[in-house]
Amino acid sequence: MLAHTIEEVREKRQEWKGLKIGLVPTMGALHEGHLSLIKKAKEVCDKVVVSVFVNPIQFGPSEDYDKYPRTLDKDYELCTKEGVDLVFAPSPSCMYPEGNGKLSNDTLTYVCPPFFYVNKLCGKTRVGHFDGVCTVVLKLFNIVQPDLGFFGQKDAQQVIIIKKMVRDLNVPVKIVQCPIVREESGLALSSRNKYLSEEGKKEALVLSRILNNIKACYNKGITDVAALKETAYGFLTDKHDMEYLEILDRNTLEEKSKADKDSIVLIACRVEGVRLIDNIYLGEG
Ligand code: PAF
């Protein structure tokens, strides 16, 4: 079933009282990465809801909100094939009736995650991004009232921040993190890969190569974070515009001078102007 309004979702939710509900929040343009979240949700829940909403308030003014791929018919077809029970695809005015596209924290109650978690990695350049993410995710949780919410490890900072929000605000939703899905080449799946040319896709392999190489160096016994980060430079050419490469604690995003089994390596790099992110755990997944 496809629902466009909050009332339709609430009605279904009422029907499903007592059942275990899973929510997979997405911005559409579904790929195998999203399908892996849906499959996991199907495994452990009685009913699965997928939301498809390109959330305007998590995009900065110079970001790709307008050109972000919108493929609802195809997304709905994929969800139906996977046995999703409800696809919730609201309009921006359904989610933000007052803002009319001009929302700010002067006009909307925002969820603002703590500075420590947002003042690094993607949050450093995407100012306000995680306020927008947390606000929409909390709204979706309130609308759907799931027992479990499913998110991909590819957006590692996002998952850590959402877990923190849920803890801090006593939101009764368990966050389930699912592993990164990659093409055979190693490229992490992302809706933004659609913007890359064939040549760009090859250049984009630099992200996973840098991460795998750091993990290999760590496995050989190198733990000095500065030395591990230094190894990336051998992979970069003028086709790659690296935004960050960090080795942090995988649960708290704290900086470390020595990498250990709880470290995560995170990278953001532009290829053909497309901003791509990826990460890898140095210890067991
Ligand atoms: O990861 C995403 O696709 C989005 O940030 C999310 C969680 C659906 C919120 O809009």
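Each ligand, and each atom within it, is numbered from 1 in the order the structure gives.
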Shortest non-hydrogen pair, L140 vs S51, comes out as CD1-OG, 3.6 Å
| said: T26 versus ligand 1: do any nitrogen or oxygen atoms come within less than 3.5 Å of each other? | reply: no
Checklist entry - For Q58, is at least one N or O under 3.5 Å away from an N or O on ligand 1? => result yes
When K154, Q153, R250 are each screened for side-chain hydrogen bond (donor to acceptor under 3.5 Å, both in side chains) with N279, the one that passes is Q153
The side-chain hydrogen bond (donor to acceptor under 3.5 Å, both in side chains) partners of S93 (sequence neighbours excluded) come to S91
For V136, the ligand 1 atoms with a heavy-atom partner under 4.0 Å come out as 9 (C), 10 (O)
Near P25 (heavy-atom distance under 4.0 Å), the atoms of ligand 1 are 8 (C)
heavy-atom search around atom 2 (C) of ligand 1 in the protein gives Q158 NE2, 3.9 Å
Residue, atom and distance of the protein heavy atom nearest atom 3 (O) of ligand 1 read M27 CG, 3.6 Å
Going by distance alone, is a donor N or O of one side chain under 3.5 Å from an acceptor N or O of the other, for E254 and T252? yes
*Would you check if the side chain of Y218 reaches a backbone N or O of K261 as a donor-acceptor pair within less than 3.5 Å?*
yes
